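Fair warning: this is a prediction, and the values are worked out from it, not measured in the lab. Order of the sequence lines sets the chain letters (A, B, ...), proteins ahead of strands, with each chain counted from 1.
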Amino acid sequence: MDVKMISILGAAFAVGIGSIGPGLGEGRAVAACMDAIARQPDAASTLSRTLFVGLAMIETMAIYCLVIALLLLFANPYAA
Amino acid sequence: MTSPLVSLELFAIGPVIITRPVVTTWVIMAGLTLFCWQATRRLSLAHPGRVQAVLEIVVGLLMSQIEDVLRKDPRPFLPLLGTIFLLLLTCNLSGLIPGVEAPTSKLETTGALALVVFISVQGFGIRTQGLGHYLSSFAEPKFFMLPLNLLSEITRHFSLAIRLFGNVMSGEFIIAMILALAGLLVPIPLMALEILVGIVQAYIFTILATVFIGAAVGSVEKG
């Protein structure tokens, strides 16, 4: 196993494992928002705006994993 | 496979190398400016044309969204935030035109936009609260929180850039990958998804910039 192979494995694991947490988190957030909208349909616009911003925040974690995977694949300082 | 972190160099003006996303952004900027200049040349209260009616809806929608977040008069913030939203919307959607690459799928463009937001957040904060009061707001609620607050001020703008870059770039990357694996016309549903992602990401970038500005001017809880 040279550095390149380990980097590819690392990139795959970074995206694979790193997207579990945000996936669960986004599911919980959307479920809570649905619950809230069902209880109070009047507040739907405020709720969905807050939901979108919150989802973006959660999603950033998965995007960080993606960026780290890309750095490992394309800008790896050790594999040159 | 070409790296998504490198952009194509087109030509150089002296020591400055002009890359492809820069030229695309110039074209989009010129197009938006020309369109808005043409559309706002003959505004009338009595007989609004079709374009004017659409523009009024867009501006009104932007103002109401900013007002909902800031709970303040949105007029001082509308030029910056509205421009950011329209530019991002056009940039994100321009990636769907064949042969055009969305400028926001490169880290430089989103980094520059996040830098604009960062500087304007500090500017709005100092202008509304005064320099001393604004700087002392970083030491809230206790003084030992100062390094954490300074760090979060930088990281949240950094994540603003990374988020937009990651979303737009990963969309284009996946389309390219499926095109290479499955062939022509297969990635069309993903391109339709890309329209949604482009609009949502432009909205989220603008709303987050609004929230950051709101936190700096003191009308939104700092978060």
Separation of B:I204 CD1 from A:M57 CE (nearest 0.5 Å)
9.5 Å
Does a side-chain heavy-atom distance below 4.5 Å link A:T46 with B:D68?
no
Output the distance between atom OG1 (A:T60) and atom CG (B:L208), rounded to the nearest 0.5 Å.
8.0 Å
d(A:E59 CD, B:S159 OG) to nearest 0.5 Å is 12.0 Å
Could you pull out the closest heavy-atom pair between A:L66 and B:S170, with the gap in Å?
CD2-CB, 3.5 Å
Is any side-chain heavy atom of B:M169 closer than 4.5 Å to a side-chain heavy atom of A:L70?
yes
Do other residues, nucleotides or ligands put more than 12 heavy atoms under 6.0 Å from the OH atom of A:Y64?
yes
Using a 3.5 Å distance criterion without hydrogens, assess whether the side chain of B:R163 forms a donor-acceptor pair with backbone atoms of A:I63.
no
Counting neighbours of CD on B:E56 that are heavy atoms of other residues, nucleotides or ligands and sit closer than 6.0 Å, is the number greater than 12?
yes
If you count heavy-atom pairs within less than 4.5 Å of chain A, which of B:I207, B:N167, B:V69, B:V6 leads?
B:N167
